[in-house]
Each structure stands twice: as structure tokens, then as C-alpha cells.
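Indexing begins at 1, ligand by ligand and atom by atom, following the structure's order. Side chains included, hydrogens not; waters and symmetry mates left out as well; all remaining heavy atoms used.
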Amino acid sequence: MKAVRFHEHGGPEVLRYEDAPDPAPATGRAVVRIRACALNHLDLWERRGLDRVRLPLPHISGADIAGEIVDSGGGPLPAGTRVMLQPGLRCGRCRACAEGRDNQCVEYDVLGLRSDGGYAELVSVPVENLIALPDHIDVVAAAAFPLTFLTAWHMLITRAALRAGEVVLVLAGASGVGQAAIQLARHFDARVFATSAPAKAERTRALGAEHVFDHYSGDYAKEVKRLTDGRGADIVVEHVGEVTWDRSVRALATGGRLVTCGATTGHEARIDLRHLFARQLSLLGSYMGRFAELREAAPLFFSGQLHPRIDTTFPLREAAAAQRRLEDKEQFGKIVLTV
Ligand SMILES: [Zn+2]
């Protein structure tokens with residue numbers, strides 16, 4: 001098969017479009033002919049090299065995949081079925097897996113992290129990772145759905161236990177997770193505020209945010225309080241990190257929950273413990289999501305109630321150009337490789 005691989009860590013120039021071995025058929029694992037693979041920031045970190053994870057080289061990135069089954073692996077879905085893939089990988093044997101907390105699995109992994117992913121014509125995945133697509137769902141949209149909506153679902157619904165009528169502040173609302181969080185919060189009848197760069201504010205508002213604040217300048221914590229009669233946000237969805245942390249904590253209402261899945265601007269944060277206990281705040285960490293959660297979210301996508309926005313598509317061989325666009329932060333919506 002053709003694949004985009006890197007043999008050493010570095011800039012986008014290390015990505016090579018080349019021949020790679022086809023994945024071997026195996027019982028319990030399906031082989032999927034990839035039609036589309038969406039980019040995530042995870043792909044950039046893999047290419048640059050991660051502190052804590054040593055990747056097998058050469059490596060094929062790509063966690064968000066849609067295509068069709070070419071080998072069923074003995075699973076219930078026959079060859080030819082159009083599918084999108086659950087991006088999480090679990091052992092299926094540990095206590096967390098048995099209790100349905102599979103993103104806490106002792107061997108939890110993400111497609112394209114330690115295993116080969118979707119920057120290729122073919123991929124091998126456990127049959128339990130296959131989710132059949134209805135005919136009207138396009139593969140590009142299907143590839144753009146799983147990772148960000150799964151992450152946002154786990155943050156808002158499972159970790160922060162969102163209730164209708166609550167105030168949700170979504171940091172970096174124009175990002176993949178941000179866009180998904182705005183749509184989900186609106187779907188569950190929350191009142192939504194967001195932050196973004198000024199150039200993306202209008203499009204972020206169109207996703208369902210009542211107000212969009214500039215997160216580079218100004219004090220959005222003060223603004224959220226002003227717009228909620230001094231109360232603040234019940235839930236803050238964070239993934240920006242160091243630069244916004246202080247304002248995000250201050251934006252919380254008494255009893256508020258801050259849920260974070262990332263730290264793109266740095267991971268050194270401090271907190272005044274008096275605020276934590278006196279205002280009864282909860283700080284919640286979140287990483288990816290569970291198999292059951294993606295199966296719960298998928299019907300809302302299939303029925304058109306949630307829709308991933310597509311920024312641009314690139315042919316697989318232009319993966320380096322696609323990653324440059326993601327690095328330049330010019331995109332609004334997902335960047336998708338078509339195969
Ligand atoms: Zn497990």
C-alpha cells in the first residue's frame with residue numbers, strides 16, 4: 001500500500017509518501033480501506049517526538065479514520081461495509097475495561113500513536129472499533145467526527161455532568177474540541193460562551209455561542225460574570241493551559257467545574273487553594289473517551305444534530321502541506337486527508 005510515514009522526528013519535511021507493507025489479516029481484527037483521515041494535534045506531536053512515548057519507526061500517524069471494510073476479521077460487519085473508527089484502543093481484559101472505563105485501560109492507546117494509523121491506504125483495527133455508517137454520511141465528515149466529539153462528550157457529559165440550563169464556557173471555541181463542545185453543550189440546552197482569536201469569532205458564534213471573547217487580550221472571566229449576573233460559568237472547558245488557566249478558574253461560578261483535556265500553551269499552572277475550597281470548585285482531568293460514549297454520540301451525528309465542520313481536504317500524498325496548515329492555526333474545522 002501507499003502510506004505517509006516518517007523515519008525520524010522533525011518538521012513536516014520528514015513525512016514521506018511511499019510504499020509500506022499491507023497490514024496482515026488476523027482474527028478479531030478488520031482491515032479497512034481508508035477513504036479519509038482527519039488531522040489532529042496529536043499527529044504533530046507524534047511527528048515532532050513525544051517526551052514520554054517512544055514511537056516505533058517508521059511510523060504512520062492518524063487517529064480519525066473512515067473507509068470501508070476489506071477484511072471482516074470474523075467480526076459481525078461484512079466486507080464492503082462503510083465505517084468510521086473508534087480512535088481508542090483497549091486491552092479488553094483489565095478492570096477498567098470490564099467496568100466500561102476503557103479510556104482508563106492499563107494498555108490504553110490511540111490509533112496512530114503506538115500503532116499504525118490512517119495516513120495510509122489500509123489499516124488494521126480490532127473489529128470492536130468499527131462503527132457502520134448510514135448511506136447518507138460522507139466519509140470526509142465521518143473521518144472528522146470521532147476524536148473531537150468523543151473527547152468533548154467525555155469532558156462535558158461524563159466528567160462535568162452537564163445539566164440543561166447551565167452556563168458553559170468553551171476555551172478556544174474554534175478548535176476541533178472547542179467546536180464539538182459548543183455543539184454538544186447547545187444540544188443539551190446549555191447557555192454557551194466561548195473564546196477565540198478575533199478572526200474566528202464570528203464563525204465560532206455561528207456554532208451556537210452566545211458571546212465569543214478574545215482569549216489573547218481582555219478578561220473573559222470578568223465578562224462571563226457580567227453576563228451571568230455575577231455568577232460565572234458552571235463548566236469551563238479548558239485545553240489551552242498556562243496562558244488562560246488563571247482566567248478560566250476565575251470565570252467559574254461557586255460550585256463550578258473546570259474540565260481540561262490539554263495544555264497547548266504550557267503545563268505550569270498555579271491555583272489559589274482558598275478559591276478551590278471556599279468556592280467549592282472541581283478540577284477535572286479528561287483524556288479521550290469511552291467506546292460506549294462514541295456509540296451514544298454517533299446517532300446525533302447521523303441524524304444531523306451534530307456536524308463536524310470541514311476546513312479543507314488534501315490528497316494523502318500532500319500530508320505535509322496539510323500538517324503545515326494545522327501548525328499555522330489558520331484552519332476553521334477539520335483538515336482531512338482523502339485517500
Ligand atoms: Zn484494559
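Take the Zn ion (ligand 1) and draw a sphere of radius 2.8 Å; the protein N/O/S atoms inside it number 4.
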Side chain to side chain contact (heavy atoms under 4.5 Å, CB included) between Thr158 and Arg290, worked out: CA-CA 10 Å; Thr158 305; Arg290 301 171 180 173; 3.9 Å; yes
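Between Tyr108 and Tyr287, the ring-plane angle classifies as perpendicular under the 30° and 60° cut-offs.
Between Glu327 and Arg47 a salt bridge is recorded (basic side-chain N to carboxylate O distance below 4.0 Å). Comment: Arg270 does not engage Asp246 in a salt bridge, judged by the lack of any side-chain N to carboxylate O separation of less than 4.0 angstrom.
Within a 6.0 Å radius of NZ in Lys2, more than 12 heavy atoms belonging to other residues, nucleotides or ligands are found.
As a member of the Ile/Leu/Val/Met/Phe/Trp/Tyr network built from side-chain separations under 4.5 Å, Val336 groups with Val140, Ile310.
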